Amino acid sequence: MLINKAGLATCLWLVSPTLLAQSLSTQTHPSVSVEMAPAQAVPFTKPTQAAILSPLTAQTATYNVFYGSFELGTAKYKLPATTSNYYVYQFDSDVGLLMLSDQRHIKSEFTLEGTKLVPYRYVQKRTGTGSDYEEQTAFLKSENYIHTIYKNDTKKLDYTEELFDPLMVQLQFRMDLAANHRPLSFKMVKEMDIDDYSFRVLGNEKVTLDSGTYDTVKIEVIRDSTKRQTIFWMAPKLAYLPVRLSHFSKGSKQLDIQLANYHFEKPLPIMTPAIIDGHDPEQAKQAQELIEQQNNGDISSSELDEIKRLATEK
């Protein structure tokens, strides 16, 4: 995978879901500005059913992907309209740097039960530099097991708890934000394993991109280690659509994903203000130290060698 296998994968599913605290306003892409919104007391009101389900409104969203100051390519999400509780969510990306390339085509099929999404089938096809591969997962809820295939290897997993695939979990995450559900924790089936992800809402920020200015909530992915950091911004007025995501690892440059354009087929309802969880002071300090260690916009020879290795790794 290009740049950082775990980093880009996390970023793409978060924009899927897709770590840690202080504002990145001093480390943004040149076309980005981030402004802390003033703190204000907002009375809690019960979210409406329409607001909770608004992330399932038929929509498309396109993102530009950057590595430092270098534009890598685009990623596009599409959720077509449906007349039933059965949905098909699609993702396509095409990113590259120099002679390296990575294309992904992902489809997630799932159903809606109340305010919970239930996975049915997940298919990912990857092509580009290095080995091509596919990942397929069938969620057999009635039989309490999951059958998954990854790079020609197969595995059977128990299906006895709430699980999601790497794509539709993004929509459940947005629905849970709209419902002010806590904790924001999810179990995701990915690469023949079950990964745990937890999130914290840090506060409100105004984000300005080339595509416009958005009032957002700022969110971190909670991890035990600060070696990898991912922070993203989601717009409540757009049914919590992600508008920007930044990911970086210790000693490496920032991977930045920014909303380029979007379209909803129907008007969206008014959203209830999000509950703010706040920062973890110690993680915030560690994250800021990590941000300050970032390099400039040039790619060193050692970084280029690492990029080539990751891109051709089987």
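On a predicted model such as this, the values are computed, not experimentally measured, just so you know. Computed from heavy atoms alone, side chains included, the values below leave out hydrogens, waters and symmetry copies.
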Has the side chain of [X] got a donor or acceptor atom that lies under 3.5 Å from a matching backbone atom of [Y]?
X: Gln59; Y: Pro55; value: yes
X: Ser198; Y: Ser185; value: no
X: Gln124; Y: Glu135; value: no
X: Arg174; Y: Met234; value: no
X: Asp132; Y: Gly128; value: yes

### Task
Please report the C-alpha distance between Leu255 and Phe66 in whole Å, then the side-chain angles of each, then the deciding distance to 0.1 Å, and finally whether the side chain to side chain contact (heavy atoms under 4.5 Å, CB included) criterion is met.
CA-CA 6 Å; Leu255 183 68; Phe66 298 91; over 6 Å; no
Nearest 0.5 Å, what's the [atom1]-[atom2] distance between [X] and [Y]?
X: Ile275; Y: Asn180; atom1: CD1; atom2: CG; result: 4.0 Å
X: Asn64; Y: Leu72; atom1: CG; atom2: CG; result: 10.5 Å
X: Leu98; Y: Thr129; atom1: CG; atom2: OG1; result: 10.5 Å
X: Lys76; Y: His105; atom1: NZ; atom2: NE2; result: 13.0 Å
X: Gln172; Y: Leu112; atom1: CD; atom2: CG; result: 8.5 Å
X: Tyr197; Y: Leu184; atom1: OH; atom2: CG; result: 15.5 Å

Report whether [X] and [Y] are members of the same hydrophobic cluster (ILVMFWY, side-chain heavy atoms less than 4.5 Å apart, transitive linking).
X: Leu171; Y: Leu53; value: yes
X: Ile149; Y: Phe139; value: no
X: Tyr150; Y: Val123; value: no
X: Val88; Y: Val169; value: no
X: Tyr159; Y: Leu157; value: yes

Can you find a pair of side-chain heavy atoms, one from [X] and one from [Y], that are under 4.5 Å apart?
X: Leu163; Y: Ile194; answer: yes
X: Asp158; Y: Asn144; answer: no
X: Tyr145; Y: His147; answer: yes
X: Trp233; Y: Ile219; answer: no
X: Asp277; Y: Leu202; answer: no
X: Phe173; Y: Phe186; answer: yes
X: Tyr240; Y: Val217; answer: yes
X: His247; Y: Val221; answer: no

### Task
Can you sort out the partners of Asp215 under salt bridge (charged side-chain N to carboxylate O under 4.0 Å, His left out), two or more places apart, ordered by chain and number?
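Lys206.
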Looking only at heavy atoms, which two atoms of [X] and [Y] are closest? And how far apart?
X: Ser131; Y: Arg126; value: O-NH1, 3.0 Å
X: Ala58; Y: Pro80; value: CB-C, 3.9 Å
X: Met271; Y: Ala239; value: CE-CA, 4.4 Å
X: Leu117; Y: Met168; value: CB-CE, 3.6 Å
X: Met175; Y: Thr115; value: CE-O, 3.3 Å
X: Pro166; Y: Met188; value: CA-SD, 3.2 Å

Checking side-chain polar atoms at under 3.5 Å, does [X] have a donor or acceptor matched by the opposite partner on [Y]?
X: Tyr122; Y: Glu109; result: no
X: Thr216; Y: Glu205; result: no
X: Ser246; Y: Asp256; result: yes

Decide if atom [atom1] of [X] counts as having more than 12 heavy atoms of other residues, nucleotides or ligands within a radius under 6.0 Å.
X: Lys116; atom1: NZ; result: yes
X: Ile270; atom1: CD1; result: no
X: Tyr262; atom1: OH; result: no
X: Asn152; atom1: CG; result: no
X: Asp196; atom1: CG; result: yes

### Query
salt bridge (charged side-chain N to carboxylate O under 4.0 Å, His left out) between Lys141 and Glu113: does it pass, once the steps are laid out?
CA-CA 13 Å; Lys141 186 178 181 181; Glu113 296 183 5; 3.4 Å; yes
### Query
Can Asp102 and Arg104 be counted as an ion pair, charged N to O under 4.0 angstrom?
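Yes, this pair counts.
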### Query
Would you call Asp195-Lys187 a salt bridge at under 4.0 Å N-O?
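Result for this pair is no, no salt bridge flagged.
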### Task
Take Thr213 and Val207 through the side chain to side chain contact (heavy atoms under 4.5 Å, CB included) test and state the conclusion after the steps.
CA-CA 6 Å; Thr213 298; Val207 176; over 6 Å; no
### Message
For Phe110 together with Tyr87, are the ring centres under 6.0 Å from each other?
### Response
yes
### Query
Between Phe264 and Leu238, is a side chain to side chain contact (heavy atoms under 4.5 Å, CB included) present by the stated rule, with each step listed?
CA-CA 9 Å; Phe264 289 89; Leu238 301 181; 4.2 Å; yes
### Audit row: Tyr63, Gln258, side-chain hydrogen bond (donor to acceptor under 3.5 Å, both in side chains) steps and yes/no
CA-CA 5 Å; Tyr63 295 84; Gln258 303 174 18; over 6 Å; no
### Message
Does Leu245 form a side chain to side chain contact (heavy atoms under 4.5 Å, CB included) with Ile231? I'd like the steps, not just the answer.
### Response
CA-CA 6 Å; Leu245 186 147; Ile231 299 177; over 6 Å; no
#### Entry: side-chain hydrogen bond (donor to acceptor under 3.5 Å, both in side chains) between Asp165 and Ser108, worked out
CA-CA 8 Å; Asp165 72 41; Ser108 170; 2.6 Å; yes
